[in-house]
There are 2 protein chains.
Amino acid sequence: MASLLEGQARPIRLADIAKAAGVSHGTASNVFSRPEIVRAEVRERVKAVAEQMGYAGPDPKGRLLRAGKVNAIGVATTEPLSYFFDDPFARVMMAGISEACDATGAGIALVSAANQEKLAWNIQSALVDGFILFCIEGGSRLVDLTRERRLPFVALELGFQDETVSAIGVDNVAGARLAARHLAELGHRRFAVLSLGFADNRTGFVTPEVVRSAVYTGTRDRLAGYFEELSGFGIDTAKIPVYETENEEKSTRAGLEAIFARADPPTAILAMSDRMALIAIDWLRARGLAVPGDVSIVGFDGVPDGALSTPPLTTIAQPITEIGRRAARMILDHDGAVRRETMGVEFVVRGSTGPAPKA
Amino acid sequence: MASLLEGQARPIRLADIAKAAGVSHGTASNVFSRPEIVRAEVRERVKAVAEQMGYAGPDPKGRLLRAGKVNAIGVATTEPLSYFFDDPFARVMMAGISEACDATGAGIALVSAANQEKLAWNIQSALVDGFILFCIEGGSRLVDLTRERRLPFVALELGFQDETVSAIGVDNVAGARLAARHLAELGHRRFAVLSLGFADNRTGFVTPEVVRSAVYTGTRDRLAGYFEELSGFGIDTAKIPVYETENEEKSTRAGLEAIFARADPPTAILAMSDRMALIAIDWLRARGLAVPGDVSIVGFDGVPDGALSTPPLTTIAQPITEIGRRAARMILDHDGAVRRETMGVEFVVRGSTGPAPKA
DNA sequence: CCTATTTTTTGAATCGATCCAAGTCATCCG
DNA sequence: CGGATGACTTGGATCGATTCAAAAAATAGG
C-alpha cells in the first residue's frame, strides 16, 4: 500500500533517518539537539545518512509542541499589515520592539485583524508567546479577543481604563498641559482642538455630553489637560471648538474646514496627534495661512516626520522607542503580573509655534 | 503525586474539557473546529464546560502539527530586525508583501540573522510556510541556510547568479543605461560611479580585475549598463572612477571624498542606489556644490524619500511594491517550480539632474 | 576475569490537537 | 418487526519531534 504512494515525496522525518541509520529515534534526536552526548562515530553516521536522504533537520513544528515556547512575540493591530511599515508612530515603536527582540534572539510575528472574522482567527491562531497590542482603534475588541488566548499581552496606546490589563502609556494630562501652556504663554487666546476619538465611529464637534461619556479615556485626559491649563490663563474653555477626527486625512481636513468656517477662527491649534498636526500644517498653508505667523500648532506623539515638515512641528514627544522596548521586554520576561507603566513625555519646541498675531 | 502539583496551573487541554464534559476528545475537538456536526445540546454543554474551566480554545501549537501549515510567511535578512522599519526600500517592499498577505489572511514573521550563529538558528526554527529573502548583503549565506529548510523561498535583490533559486529582480542593465543616457544627453562628459559591492567587505576604487571577478552580478550589470551607454556617446569609460561602498553613510562619504580629490572632478554621478545618491546630495551641498548646477546625480531604486529630498532625486525606479506582492504570492501559491522574474524599471526625472555646467 | 563505574543508547511517554473508519442509536419505511 | 437511513460519537492513529528512566555497552579498577 505504501508502495503505491512511493515517489510522493513525503518529507523525511527524524524517525526515517533513525531507522535508516539503525539507531533509535531518541539517539537520532540527540544527534541534532545535543550532539555532544552522542558517540562521535554514531553521530557522524547519522549525520551522513541525514545528509544523503536530504533531511531538512528537525521540523520546528514538531519541536514546538514539545518545547512549548515559540520564541516569537506577536504584534497585533486592527489596521492592515502595511500599517506597521507606513505609519511613522508604529515604525518607531516597532524599532524599539525590534531592539528588544534582537537582543534576546526572539522573532516578531505581525498580526493584522483588519476585518472582524479574520481578526479573531488571526489572533487565535498566531504562533507566539505573547502579544503586544496596538490599540489605536477598536482597542477594546482587540483586548477582549487577545485575553481569550490566555497568553501574556501588553496594550499600547490603550485609550480606555481597564486595570486588569498590562499596559504602557504616557502621562496624557501632563503632556497636554505642556502644550497648552506653551501656546498660552505665547499670547494665544483663541484655540481649537483637533481631537482623537472619544468613542468609535464618531467625527464632528464634540459636546460636553460626548466628553462625559467618553470610552477613550486617553482622549479625555488630553482634553482635560488642555482645558485645565487654559483655564488657568483665564480662558473660557467652553468656547473652544473641539473637533473629533479619525486621525486621518479626510476627517481632519473636514475638521479644519469646520473650525475655520466659524466666526473668530483660532490662532492656535492643539492637535492630539502629530498626524493631525501635520495635516493641519499642510491645510493651513494651502489656504494661505502662515504657520506659525497666523496660526500656531502643537502636535502630540513626537514622530520623526515632525522634525522634517515645513515648518518643523512643535510637539509633545512620547518616548516611543523606549515604550516599544519595554513592551517587548514585558512579554519576553513575563512573570504573570499585570503591569502598568506611565511614561513621561518631553516637550519639543520646533517651528510650528510662535507669538499670537497682533489682533 | 499529581496532587502535589495541584495549583501549578497547568494549562487546560482539550482532553480535559472532553473528560469533564463526558465526551470523547474527538467530539470535543469537533465542538471547536466543526461545530455544525455536533448535536446542539452536546455542543452547548461542552462549550459551557470549556468556558467554566477557563479553556483558551484549541492551542495552535497542537493544531499546527496536524495541519502542517503555519499560514505565515517569513521575511529574512542579515540586518537587525529594525531594518524592516527603518530602511525606505525595505519598507516599500514590506508594504507590497503585506498587501498580498492581507489578501489571503496570512501572517508575516520577521526573521533577523544579524549574527552568524543566531542566523542559522533563527532560519532553522522559524515557524513559516516559506521565506522571502532580502539579500541586500551576505546574500549567499542567507540563501544557503534557507535552502536547508527545504521550504519554498524567493530571493529579492539577489546580487549573484544562481539559476536554482527562485528570484525576482529588475533589469539592471536597462535601468543603468537609462540613467547614463539621460546624463550624457544633458551634455555631461565627466562621470563618477558610486557602486554597490562587487564582493563582500570591500570598499574603495574598483579595478577592472575586481569587476571581472565580481560575485555580485547585479552590481556588475549596472556598471555594464552605465559603461555600454556611455561608450555609445564616445566617452572613455576606462577613465571613469568607480567607487565601491557598503551602501551606507560612512563609505559613501569616503567615496565622495576620494572622487572629488582627483583631478578633473565629475559633473555627473551615477549612484547604484538612492541611498548613496541621497547621501551624495547632502555631501555635495555641504561642500558648496550645487545640485544639479555643478553636479548632477541619478539614483537607483525609486524609494519614496527620493521625492522629498532637496532637490528631489532623479532615479531609476524599481516597481518595489509590485515585487513585494509577487514575492509573497510566489510563496503563498507555491507550486514547487523555480521561478525567476525580471521586472522592468521606470525612469523618473526629478530635480537632481540638469545640463552639464559650461566648462 | 569479575565487579563497579561511567558513557551511550533505547524506547515508551508526552506535547495538544485533528482525522477518520467504525460503531451507536434513533427514526423511518414497507 | 426487520432493515435501511441518517445523524452523531467514539477512540485509535497520526502529525514530528523531545525527554527521561532504565537498559546496555564500554571502561576502569582490583
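Numbered from 1 within each chain, the chains take letters A, B, ... in sequence-line order.
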Q: Looking only at side-chain atoms of B:Val42, point me to the closest of C:dT8, D:dT9, C:dG16.
A: D:dT9
Q. Which nucleotide in the set D:dG16, C:dC19, D:dA17 lies at the smallest distance from any side-chain heavy atom of B:His25?
A. C:dC19
Q. Can you tell me how far C1' of D:dG6 sits from CD1 of B:Ile37, to the nearest Å?
A. 14 Å
Q) Choosing from D:dC8, D:dG16, C:dT18, which nucleotide comes nearest the side chain of B:Pro58? A) C:dT18
Q.
Whole angstroms only, please: what is the CZ-P distance between B:Arg13 and C:dG16?
A. 6 Å
Q: Assess whether one donor atom and one acceptor atom, taken from the side chain of B:Arg66 and the base of D:dT14, lie less than 3.5 Å apart.
A: yes
Q: Please state how far atom CG in B:Leu127 lies from atom P in D:dA17, giving the value in whole angstrom units.
A: 13 Å
Q.
Main chain of B:Lys69, side chain of B:Asp129: is a donor-acceptor contact present, judged purely on distance under 3.5 Å?
A. no
Q.
If you define the side chain from C-beta out and look only at heavy atoms, does anything of A:Leu158 sit under 4.5 Å from A:Leu133?
A. no
Q. OP1 or OP2 of C:dA17 less than 4.0 angstrom from a side-chain nitrogen or oxygen of B:Tyr55, does that happen here?
A. yes
(Q) Just checking B:Phe84 against A:Phe84, ring centres under 6.0 Å apart? (A) no
(Q) Starting the side chain at C-beta, find the nucleotide from D:dT10, C:dT9, C:dT10 nearest to B:Val23. (A) D:dT10
**Q.** Single hit among A:Thr342, A:Ile132, A:Ile323 for side-chain contact (heavy atoms from CB on, under 4.5 Å) with A:Ile168
**A.** A:Ile323
(Q) Which nucleotide wins on minimum distance to the side chain of B:Leu65, given the candidates C:dT9, C:dG16, D:dT10? (A) C:dG16
